[in-house]
Amino acid sequence: MENFEKLSAPTLKELFINKMAELILSGRLKVGERLPPERSLAEQMGIGKTVVHSGLQELARMGFVTIKPQSGVYIADYMVTGNLETFNAVAKYSGYNISPEIIRGMYDMRYAMEGLAMERFARQHTAEDIKTLREMIVGICNYVASEDMNYTGLAERFFDFHHMLSLLSRSAIIPLTFNAVKDVSIVLWEKYLRSHSPGKAIDRLTYFVDCFEAGDGEAACLELKNGLDEQFDRMFNKQQTVLQ
């Protein structure tokens, strides 16, 4: 019998960190911007000064702010000051309105690591590997045709396909990197699939497998790049339309 763990609400510190991360990742707080004093932040947000102080210390450790004694707390350029904690935070707070720069960076990273996986897989795949990927595509098609289909579930299946590809490339690191950004990847997949034909997206998966089977990793990488550029353009143009 399953033992279910007790649920617990976020602490005020966690809520404070979440809110600040949202403001930073969305670009509403700009690099170099000085935050109000801790007492003022506490009063504005209705929390204790101790919560604000410890929360800012945590944000500094994550690379989001810089604390300068006798000067104040400033929004940091986390691309420069960031670390693995920052990387994980981007994934954790993926439900927020992430800026185009973050999305572009995520796609660049995905192209770098998945492009390498594709090249390796095209050179050293087995017939069983190809069969595995084609069976996953059939499973996605069946899911789309089912009454239970929803875009989050579909996004998860697309992520699973690409993660499987990274596993089949026999890399010891690429699958771990994929998992590190799973949450944000699924959010971006869902945004893409909602504005795109699932059928066309599935056709792209089939094209990938055809390229692999033919040993043409270069063609697969080019199609991956085109797909990522297309996703970014669709999302960015949509944001521009909303702003107008």
Side-chain angles (χ1 to χ4, degrees), residues 79 84 87-88 90-91 94 98 100-144 151-237:
M79 292 296 186
L84 185 58
F87 185 73
N88 290 332
V90 171
S94 59
I98 305 175
E101 291 78 13
I102 292 292
I103 295 174
R104 182 73 267 178
M106 293 295 298
Y107 284 165
D108 288 344
M109 186 194 70
R110 182 180 159 196
Y111 177 70
M113 66 179 183
E114 190 169 1
L116 175 60
M118 286 182 164
E119 290 177 351
R120 292 184 59 170
F121 183 69
R123 292 195 306 266
Q124 59 188 34
H125 64 271
T126 66
E128 190 63 28
D129 293 337
I130 297 296
K131 179 182 177 183
T132 296
L133 293 180
R134 292 202 186 279
E135 287 177 347
M136 292 186 77
I137 294 174
V138 171
I140 293 173
C141 290
N142 291 338
Y143 180 71
V144 170
Y151 283 101
T152 300
L154 187 58
E156 289 171 349
R157 283 161 174 78
F158 270 80
F159 173 85
D160 289 343
F161 177 91
H162 287 273
H163 182 248
M164 176 58 70
L165 171 61
S166 72
L167 287 169
L168 295 176
S169 73
R170 277 73 179 179
S171 168
I173 298 299
I174 294 176
L176 299 179
T177 309
F178 250 88
N179 275 333
V181 293
K182 180 176 181 178
D183 291 344
V184 71
S185 295
I186 290 174
V187 169
L188 296 178
W189 267 117
E190 184 172 349
K191 287 178 180 293
Y192 169 69
L193 291 166
R194 284 184 179 277
S195 64
H196 206 74
S197 164
K200 186 174 181 180
I202 292 171
D203 288 344
R204 179 166 275 142
L205 299 186
T206 301
Y207 179 78
F208 285 147
V209 180
D210 290 343
C211 290
F212 300 144
E213 194 166 26
D216 194 348
E218 184 177 348
C221 288
L222 179 59
E223 184 66 15
L224 174 66
K225 183 179 186 303
N226 290 339
L228 292 172
D229 288 344
E230 178 184 313
Q231 289 183 40
F232 179 79
D233 289 342
R234 278 175 174 267
M235 294 176 66
F236 182 69
N237 289 337

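What you see is a predicted model, and the numbers here were worked out from it, not measured in a lab.
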Applying side-chain hydrogen bond (donor to acceptor under 3.5 Å, both in side chains), name anything that partners Arg194, two or more places apart in sequence or on another chain. Glu190
Which word best sums up how the rings of Tyr107 and Phe232 line up, parallel for under 30°, tilted for 30 to 60°, or perpendicular for over 60°? perpendicular
Among all residues two or more places apart in sequence or in another chain, which pass the ring-ring contact (aromatic ring centres under 6.0 Å, His included) test with Tyr111? none
Listed partners of Lys131 passing side-chain hydrogen bond (donor to acceptor under 3.5 Å, both in side chains), at least two apart: none
Does Ala117 have any side-chain contact (heavy atoms from CB on, under 4.5 Å) partners at least two apart in sequence or in another chain, and if so, which? Ser169, Ile174
Going by side-chain hydrogen bond (donor to acceptor under 3.5 Å, both in side chains), name the residues that satisfy it together with Glu218, two or more places apart in sequence or in a different chain. none
Quick note, salt bridge (charged side-chain N to carboxylate O under 4.0 Å, His left out) partners involving residues 151-177, not counting sequence neighbours, are Asp129-Arg170
Could I get the full list of side-chain contact (heavy atoms from CB on, under 4.5 Å) partners for Leu167, not counting sequence neighbours? His163, Met164, Pro175
Who are the salt bridge (charged side-chain N to carboxylate O under 4.0 Å, His left out) partners of Asp229, not counting sequence neighbours? Arg104, Lys225
Once you round to the nearest 0.5 Å, how far does CE of Met136 lie from CZ of Phe158? 10.5 Å
Can you list everything that forms a side-chain contact (heavy atoms from CB on, under 4.5 Å) with Asp203? Sequence neighbours excluded, please. none
List the residues meeting side-chain hydrogen bond (donor to acceptor under 3.5 Å, both in side chains) with Glu119, not counting sequence neighbours, and say none if there are none. none
Residue set satisfying side-chain contact (heavy atoms from CB on, under 4.5 Å) with Arg110, at least two apart, ordered chain then number -> Glu114, His162, Trp189, Leu224, Leu228, Gln231
Rounding to 0.5 Å, atoms CG (Leu133) and NE2 (His125) come to a distance of 10.0 Å
